[in-house]
Amino acid sequence: MKANYLDDLNAPQREAVTTIKGPLMIIAGAGSGKTKVLTTRIAHLMNNGVDAFNILSLTFTNKAAKEMKERVEKILGGSEARNLYIGTFHSVFARLLRSDAPKLGYPSDFTIYDSDDAKSVVKTIVNELNLDDKHYKPNMVYNRISAAKNSLVSPEEYQHDYAIQQEDQRSSRPLIGKIYDMYAKRCFKNGAMDFDDLLYKMYVLLKGFPEVLAKYQHKFKYIMIDEYQDTNPAQYEIVKLLGAVHENICVVGDDAQSIYSFRGATIQNILQFEKDYDDVKVVKLEQNYRSTKSILNVANEVISKNKGQIEKNLWTDNHEGEKIKLIRTNTDNDEGKVVADTISEQKLRNHYDNKDFCILYRTNAQSRSFEENLRRSAIPYRIYGGLSFYQRKEIKDFIAYLRVIMNSRDEEAIKRIINYPVRGIGKTTIEKVSIYANDQNMTFWEVLERAKEFGFKGGTLEAIDGFVTMIQSFRVMLEKHNAYEVAVQVGKSTNIVKELFNDKTTEGLARYENIQELLNSIKEFTETPTEDGELLDDKTLGIYLQQITLLTDADNGKDEDSNVVKLMTIHAAKGLEFPIVFTVGLEESLFPSGMSINSREELEEERRLFYVAVTRAKTRLFLTYANSRYRFGQLQQNEPSRFLEEMPEEFIDRSYAGGGMRNTGPIGGGGASWGNMFDKKKAPAGPGAPASSASSSARPTPRPAAPAGYHVPSANFTADDPATMEAGMDVEHQKFGFGKILSLEGAINNRIATVMFPKGGGEKKIMLNYAKLMIVRNGG
DNA sequence: TCCTCTAAGAGAGGG
DNA sequence: TCTTAGAGGA
């Protein structure tokens, strides 16, 4: 081991690393060297005589786990690191549950249902209960069930909890508890656990079997939790149970980066940690090594608007850097163009590579205009997120075969493939089998096996028997052959591979390639020696299935270093950093999302999301927004995001954000490119435009055919000084048309007017610094 | 049972 | 705009 590993650390980092005993909370600000601290701490533990077998380190993503493993290995330089338990909550618990699942009545080779499987089960049940799935939306019901499990609420408790029942009554969905109950029983019958079960059943196991709890308490003497601000109550309780004896619990997190409450995380876990244990030591990592002062100041200022935070002061020694550039464009397409042009410009002028750029947006749907414009500019890019490899239909279908081979109880998987490829077993037949299975309390598969007894005949019976025989033959084959050989046989016997091969359409070709890739991955799996040790010593099909279910595209990381511009949601960007970041679509109702502005909690989470976006940037940050954009096929007008107002003026360059200007060229090239920045055909701007060199240029292009509700500004439109506005005045707005000022608020240099636009969508709040108003008549 | 056409609906997403 | 579910015809 490197002897001087502590020398690379600053004082608080060193303190965090060398505090070994007792509860420890590390508040790690953005870019403060969190991973370094975590990995060094593990190395330090081992250097101080702690056995690797006694260390448990839990993360949220496989990627984080992998990175941690690699870095620990680098420091330790030996094979000892292999003995550590480093993994995601889900993968570690899945592993532990494999050996103890029979205690809970599950087979040890239980199937893991991903959320698609789970939703499909919910949907089946909703239909069985003859409920309207427009009202009991499977997605919504599943989220409710998921939330219950994440809060350790059993089906019985759910149905008897007054508050929960009240809530369901109020939304007139009183039967969710019933669905939850049936769902839990169905999964159990299918020998399946969903993602939430991996936590929930782990808790049930530890709570119900003291000897199991004692075993793991003894084993995991040192526990470390990454991203603690994202833990949910189930994770919290499990950690508490496991650590109760030794209390060597180290949690790391940043409350300012808690952005996952929508999937059950409670920021309270980190805010309350100090109260959970006696003598909690708190170490704050406050020096940021990532960003310029300008970027950090903007981030700090915005996040300070949130209440109830853990006090911290994130600072940096880095130079001040450039101001953050705020860019306003007319349309979403212009936004894409400006970003693409700015990337070209920055590459040329400041010698950046493609991989130095990242475009961050709130919703995946926003990616389109950037894709198009990047493609047009011949800038290579890659979009992260969206459908993962294992979620593609052809892959899920193929995997369903493997799942059925492994676990005949897996009804979801059987239904997926029973008629794929088409073999004449249709909807009616499947429904019948379902009904028989429920009536006779048999599994779906058992009914299929005894199809003749249940009165199926003719072609249907033949088809079912053929299917059953085929699956059984795979099962027999698995006894003598490895997972890869069986998978190849599946591809042959079912004709799937041949069929896709003969499909010469683009999609067909892609599907064929995907199946080949899947087969390759299975081959690779069977041929590479395991590194997980212990329980994962064998390379069975079951283990392969578990691995891929708990794996996502993001973990693949194969293109990690490829030289392309990266596009992703802000959520997906957490933990990453880029020299140049574009945070786009900064408009009200988009960011903050219109779905999250109804409570302070929701809005604060959006603000934290904005904070995460800003703190991804190392040297340059561009913030963009558009006057109008197509959403759901309709042209939508949005006000600039409220977050833009919360930023400190002195670090912002607003010269590209003037009233109604049409930015379509590169931004921030150092001034030389002003000439081509604007569409020269445009009419001169009114006196209300800002006094930058840009002000002599344009205002929005009047649309040729104004869509209904779209206002074409009067020919003499000139914005009036916000300071002269008063309530009661009749005014004109460039887009919303004529209206009346109802009230005014805010400081004189940053006034917000509430205006009623009869033809422009009713009452609107207008920030007068951005959207200009012309006084039509002085009201009374 | 299979196939095609229409209509409704749409957030972020790890494991 | 794009995707997916369900209706209705072959």
Side-chain angles (χ1 to χ4, degrees), chain A residues 58-65 87-95 112-119 123 127 133-134 137-140 143 146 149-150 193-200 202 226-227 230-232 234-235 259-265 332-333 360-369 372 384-388 390-391 393 419-431 459-460 463 546-555 568-575 585 589-597 602 605-606 608-609 612-613 629-636:
Chain A
L58 296 173
T59 65
F60 274 81
T61 63
N62 289 302
K63 197 176 158 198
T88 62
F89 279 91
H90 292 85
S91 69
V92 168
F93 293 167
R95 209 157 134 189
I112 298 173
Y113 277 173
D114 66 18
S115 29
D116 289 336
D117 299 318
K119 280 171 202 164
K123 199 173 171 197
N127 290 334
D133 62 8
K134 290 265 163 25
K137 288 185 195 149
N139 202 24
M140 180 258 157
N143 282 338
S146 173
K149 285 191 198 172
N150 286 331
M193 295 200 198
D194 66 18
F195 286 139
D196 302 315
D197 282 330
L198 295 178
L199 307 179
Y200 180 55
M202 187 70 206
D226 192 11
E227 307 278 13
D230 290 333
T231 50
N232 61 36
Q235 288 160 329
I259 53 173
Y260 280 114
S261 74
F262 68 89
R263 60 184 197 211
D332 47 352
N333 188 48
L360 298 177
Y361 34 75
R362 176 69 237 264
T363 68
N364 280 311
Q366 286 165 258
S367 68
R368 225 195 64 197
S369 69
E372 282 172 5
Y384 287 76
L387 217 50
S388 89
Y390 296 105
Q391 285 175 322
K393 190 188 168 295
N419 202 32
Y420 172 81
V422 177
R423 53 172 73 86
I425 305 177
K427 209 174 146 195
T428 337
T429 311
I430 293 171
E431 244 161 50
T460 310
Q546 165 170 328
Q547 240 183 41
I548 59 170
T549 313
L550 297 178
L551 201 84
T552 48
D553 249 13
D555 310 318
M568 62 186 89
T569 63
I570 302 165
H571 282 94
K574 195 163 88 159
S589 91
L590 189 59
F591 192 16
S593 158
M595 290 166 139
S596 306
I597 48 173
E602 287 173 338
E605 181 148 319
E606 293 287 309
R608 291 193 292 269
L609 196 55
V612 168
R629 72 171 61 239
Y630 277 95
R631 249 182 125 191
F632 309 139
Q634 287 213 311
L635 192 66
Q636 214 177 66

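Since the model is a prediction, treat every value here as computed from it, not as a measurement. The figures that follow rest on heavy atoms only: side chains count, while hydrogens, waters and symmetry mates do not. Proteins get letters first, then strands, A, B, ... in listed order; numbering begins at 1 in each.
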Is the F262(A) ring parallel, tilted or perpendicular to the Y260(A) ring (thresholds 30°, 60°)?
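F262(A) and Y260(A): tilted rings.
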How many whole angstroms separate atom [atom1] of [X] from atom [atom2] of [N]?
X: Y420(A); N: dC2(B); atom1: OH; atom2: C1'; result: 16 Å
X: L58(A); N: dG14(B); atom1: CG; atom2: P; result: 18 Å
X: E227(A); N: dG13(B); atom1: CD; atom2: P; result: 15 Å
X: F60(A); N: dA12(B); atom1: CZ; atom2: C1'; result: 16 Å
X: Y630(A); N: dA10(B); atom1: OH; atom2: C1'; result: 18 Å
X: D116(A); N: dG15(B); atom1: CG; atom2: P; result: 15 Å
X: L609(A); N: dG13(B); atom1: CG; atom2: P; result: 10 Å
X: N62(A); N: dG15(B); atom1: CG; atom2: P; result: 5 Å

Would you indicate what [X] reaches in the nucleic acid, counting non-hydrogen atoms under 4.0 angstrom: base, sugar-phosphate, or nothing?
X: R362(A); value: base
X: K574(A); value: nothing
X: T428(A); value: sugar-phosphate
X: E606(A); value: base
X: T363(A); value: sugar-phosphate

For the student: nearest non-hydrogen atoms of [X] and [Y], plus distance:
X: L609(A); Y: F591(A); value: C-CZ, 4.0 Å
X: R629(A); Y: Q366(A); value: NH1-CG, 4.3 Å
X: F89(A); Y: L58(A); value: CE2-CD1, 3.5 Å

Nearest-nucleotide pick for [X], side chain only, options being [options]:
X: F262(A); options: dC2(B), dG15(B), dG13(B); answer: dG13(B)
X: M595(A); options: dA12(B), dA5(C), dG11(B); answer: dG11(B)
X: K123(A); options: dA10(B), dT1(C), dA5(C); answer: dA5(C)
X: N364(A); options: dA10(B), dC2(B), dA12(B); answer: dA12(B)
X: S115(A); options: dA12(B), dT1(C), dG15(B); answer: dG15(B)
X: N419(A); options: dC2(B), dG15(B), dA12(B); answer: dC2(B)
X: F632(A); options: dA10(B), dG6(C), dA12(B); answer: dA10(B)

- Query: In this structure, which one of D196(A), D194(A), N232(A) forms a side-chain hydrogen bond (donor to acceptor under 3.5 Å, both in side chains) with S146(A)?
  - Reply: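 Option passing the side-chain hydrogen bond (donor to acceptor under 3.5 Å, both in side chains) with S146(A): D196(A).
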- [ ] Could you tell me which nucleotide pairs with dG6(C) by Watson-Crick or G-U wobble geometry, both distances under 3.5 Å, or answer none if nothing does?
- [x]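 Across all strands, the one nucleotide that pairs with dG6(C) is dC5(B).
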For dG13(B), what is the paired nucleotide under Watson-Crick or G-U wobble rules, both distances under 3.5 Å?
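dG13(B) is unpaired by these criteria.
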* Would one find a side-chain N or O of K427(A) under 4.0 angstrom from OP1 or OP2 of dA5(C)? ->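 No, because none of the side-chain N or O atoms of K427(A) sits under 4.0 Å from OP1 or OP2 of dA5(C).
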- Message: If the cut-off is 4.0 Å, is S596(A) near the phosphate of dG11(B), judged by side-chain N/O to OP1 or OP2?
- Response: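 No.
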Base dG14(B) to side chain T88(A), donor-acceptor N/O within 3.5 Å cut-off: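 Per atom types, no contact qualifies.
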For the atom pair CG (L590(A)) and CE (M595(A)), what is the distance rounded to the nearest 0.5 Å?
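Nearest 0.5 Å value for the CG-CE distance: 12.0 Å.
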Review point. If each of R263(A) and T460(A) is mapped to the nucleotide of DNA chain B with the nearest heavy atom, which maps nearer the 5' terminus, i.e. the 5' end?
Key: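 Mapping each residue to its closest nucleotide by heavy atoms, the 5'-most match is T460(A).
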